[in-house]
Amino acid sequence: MASVPSLAVSGGAAAAAIPVADARRLPPSSVAIADKVSSYSRSLQSVNKGGSESPLRPLDVEEAMGMLREGKTVQSAIYVPLLHQCAESGSHSAARAVHGHMVKTGTDADMFVDTSLVNVYMRCGACEDARRLFDEMPETNVVTWTALITGYTLNSQPELAVEVFVEMLEAGRYPSHFTLGGMLNSCSSLYNVELGKQVHGYTIKYGAESITSMGNSLCRLYAKAGNMESALRAFRRVPDKNLITWTTMISACAEDENYVELGLSLFLDMLMDGVMPNEFTLTSVMSLCGTRLDLNLGKQVQAFCFKIGCQTNIPVKNSTMYLYLRKGETEEAMRLFEEMDDVCIITWNAMISGYAGYAQIMDTAKDDLHARSRGFQALKIFRDLNRSAMKPDLFTFSSILSVCSYMMALEQGEQIHAQTIKTGFLSDVVVNSALVNMYNKCGSIEDATKAFVEMPIRTLVTWTSLISGYSQHGHPQQAIQLFEDMRFAGVRPNEITFVSVLSACSYAGLVNEAERYFDMMKHDYKIEPVVDHYGCMIDMFVRLGRLEDAFIKRTGFEPNEAIWSSLVAGCRSHGNMELAFYAADRLLELKPKGVETYVLLLNMYISKERWHDVAMVRKLMKQEDLGILRDRSWITIKDKVYFFRANDKTHDQCDDLYQLLENLLEKAKMIGYEPYQNVELSETEDDEKPASGSVKHHSERLAVALGLLETPPGATIRVTKNITMCRDCHSSIKLFSLLANREIIVRDSKRLHKFRDGRCSCGDFSALL
DNA sequence: GTCCATTAAT
């Protein structure tokens, strides 16, 4: 955050700028403040415990309005309840009306009322009005300054808050503990711990550290920046922990999965301490249950919510609903959603991202069919949202774009792109990165580039996303060029950027460049290479057939399942079976976790008729209890999605599809296609067994055939597949693209294959089954 | 009489 002045630098060391040393002018005794705060917190606790005494007198707005209407001479204090009400309803126009009235009655020069008005304007989002009033006030005090500072943070302009704070110090005013607390919150919003630490220092100097609200702000500051240990230290140092102290710490724990258990034990400590949780606390505890994926506990918390009567509170319902979604209990989540008569955009977002997130969980659990249907649900909810009165925000757009990426739903993605432009959300960095990612995953590098060029803001993630797009789409030179452009633009690459660049070099066989970038990463950017970086280097040598170079023992990393698999596949396709078997042995020592890895090995051993090894691999597969490899593909045509299994016979146009494939394979044979005798992917499901004598078709070939039949000539065909393509499908679809003169995109579990004119963007050196 | 801390979604 270059725009934020450091206290230590601005005004020649701010330590000197705050005239703390003058003992006669020290701010109010911190002890007195602490007393006041803790007595307030006690009465608050008594309210929460069901005590009858309310610490706040109800505001008599009616009475005040009546007096104003009658044109009575008013005391300035009469405006205060009115202003409170304006702030509560966030009504800017009401605030201006009251302000106008104040000018008429000549009350506008009262510092106290004006300060309240500054606060009210800020709460209505009218920063300019607040600042103008502040500048016109004949007299201001520390409270007025504080209202301005907290107001800017409230309106998402924490940089301005810091500027005003510095302005205040330069004007020789003393901050109060409210001011410092406000500053700590500005630092939290800026994620600027360094600045926050300096404010923390002043807090200690002023003896205000033991004030509860101060400790609360400190917890928040450190927790938000991910520094949980400092947050806990600050938490422990709060002598009078109140409801908010506990809630702050519990909610912080809910954001860091390593602290979930601690969060729960804090919740219990809080109850033991006799502090009654409120809806804020229970929302955070519910979100702890979500991170823990603990529905039983969640139900207990739900019961607690009923007990204290906050079960209809929107955040409480949102977090409960989200927990059910994360556990896959969509019916219950939907029921909660439908019975909510008051929703907010976060409700919709929780539904969309709940479905989207669960889709991804299902996907890794290899239940692709379920995953798809969750993806569709997410898209449907997004459509419902657009028909409702609510407006999507940046969370909505980034979630739904990730759903489109996953589903390869280019058309919906394009519509959402248009919507982000219309609503101005494209300027958000997360949204625009999600957009580049969407076009990449949908196989349209042209649109990704166009979106990138037109973007108002680019970040590390956007650049990296497009670099990786070029690399995956088989445009290594552009990837490398873009990487250089990125450095030229002054954006610092991270370890993921280097994976993309190295994989581009690997694709193009640019050994010298790869080694140069590898060194650049280590020396210029001080990024320690990890297994993925070594993997790119090894892939490069494998592609080039320099197998000995690929096997050279490198220090600093242990080859993983992916690397040994790639070596097995690479050595095999270069015909070096000795090395292939060696790599296979190393792979087996790792006890691989992926079904595909075993199928790769099975295929190799079967093709070399090493039956002993075949039996051994099958036995291992049983031991590891990995289940069978299910082969599934999807194609979207005009908003409708078609699903295929291997040798699927359930489709309406089944006969046409098989006929078309037969014709294409015949023609392909005439231009050099040789069927590649592959084993079945694994024990196939019973209904997937081909009729004896007929050709076996994996799911993607059937999906491609449907695309050829059902889309207009020249249209791109987009298919997604749940597992890695096999060699036979790869080589045949390559020729289909030439014979039918179509661009065919198949995104499998490992990468994107863009077939065009008989070639594939992967360069044929992907680890195929 | 004016300013004060906590919640759900990428």
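Computed over heavy atoms, backbone and side chain alike; hydrogens, waters and symmetry mates excluded. In what follows, chains carry the letters A, B, and so on, assigned in the order in which the sequence lines appear, proteins first and then strands, with residues in each chain numbered from 1.
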Side-chain donor-acceptor contacts of residues 297-310 of chain A below 3.5 Å, not counting sequence neighbours, with atom names and distances?
residue  : atom : partner  : partner atom : Å
A:Gln302 : OE1  : A:Tyr324 : OH           : 2.9

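Checked against B:dT6, B:dT7, B:dA9, the side chain of A:Phe395 finds its nearest nucleotide in B:dA9. Of the listed nucleotides (B:dT6, B:dC4, B:dA9), B:dC4 has the atom at the smallest distance from the side chain of A:Thr150. When each of B:dA9, B:dA5, B:dT7 is scored by its nearest atom to the side-chain atoms of A:Ser217, the top-ranked nucleotide is B:dA5. Listed candidates were B:dA5, B:dA8, B:dC4. Nearest to the side chain of A:Ile314 is B:dA8. Here B:dT10 is the nucleotide among B:dC3, B:dT7, B:dT10 with the atom lying nearest to any side-chain atom of A:Ser398. Listed nucleotides B:dG1, B:dT2, B:dT10 differ in distance to A:Thr115; the shortest reach to its side chain belongs to B:dT2. When each of B:dT6, B:dT10, B:dG1 is scored by its nearest atom to the side-chain atoms of A:Asn278, the top-ranked nucleotide is B:dT6. Of the candidates B:dT10, B:dC4, B:dA8, the closest approach to any side-chain atom of A:Ser213 belongs to B:dC4. For A:Phe280, taking side-chain heavy atoms from C-beta onward, the closest of the listed nucleotides B:dT10, B:dA8, B:dT6 is B:dT6.
Side-chain contact between A:Met137 and A:Thr115: present, with at least one pair of heavy atoms (C-beta onward) separated by less than 4.5 Å.
For A:Arg123 and B:dC4, the shortest distance from a side-chain N or O to OP1 or OP2 is below 4.0 Å. Contact check, A:Tyr322 against B:dT10: a side-chain N or O comes under 4.0 Å of OP1 or OP2. OP1 or OP2 of B:dT7 lies within a sub-4.0 Å distance of a side-chain N or O belonging to A:Arg220. Remark: A:Asn119 is in phosphate contact with B:dC3, judged by side-chain N or O atoms under 4.0 Å from OP1 or OP2.
Residue-level contact check: A:Asp114 touches neither bases nor backbone, having no heavy atom under 4.0 Å from any strand. A:Asn141 comes within 4.0 angstrom of a nucleotide base, judged by non-hydrogen atoms across all strands.
To the nearest angstrom, P of B:dT7 lies 11 Å from CG of A:Asn216. Here B:dT7 presents its P atom at 14 Å from CG of A:Leu282, a figure rounded to the nearest Å. Distance, A:Met438 CE to B:dT10 C1': 16 Å, rounded to whole Å. In this structure, CG of A:Asn242 is placed 7 Å from C1' of B:dA5, rounded to the nearest angstrom. Put simply, OH on A:Tyr222 is 16 Å from C1' on B:dA5, counting in whole angstrom units. Spacing between atom NE2 of A:His84 and atom P of B:dT2 amounts to 6 Å, rounded to whole angstrom units. The interatomic distance linking A:Arg237 (CZ) with B:dA5 (P) rounds to 21 Å, in whole Å. For A:Glu255 and B:dA9, the CD to C1' distance is 12 Å, given to the nearest whole Å.
Residue side chain A:Asn318 does not reach the base of B:dA9 through any donor-acceptor N/O pair under 3.5 Å, judged by distance alone. For B:dT7, its base never sits under 3.5 Å from the side chain of A:Ser284 at any donor and acceptor pair. Side-chain atoms of A:Thr283 and base atoms of B:dT7 include a donor and an acceptor less than 3.5 Å apart.
Taking the ring axis of A:Phe235 as reference, the NZ or CZ atom of A:Lys241 stays within 45° of it and closer than 6.0 Å to the ring centre.
In this structure, A:Lys391 has no side chain to side chain donor-acceptor pair (under 3.5 Å) partners at least two apart in sequence or on a different chain.
Between A:Phe397 and A:Phe425, the ring planes are tilted. Angles from 30° to 60° get that label.
When ring centroids are compared, A:Phe452 and A:Trp463 come within the 6.0 Å threshold.
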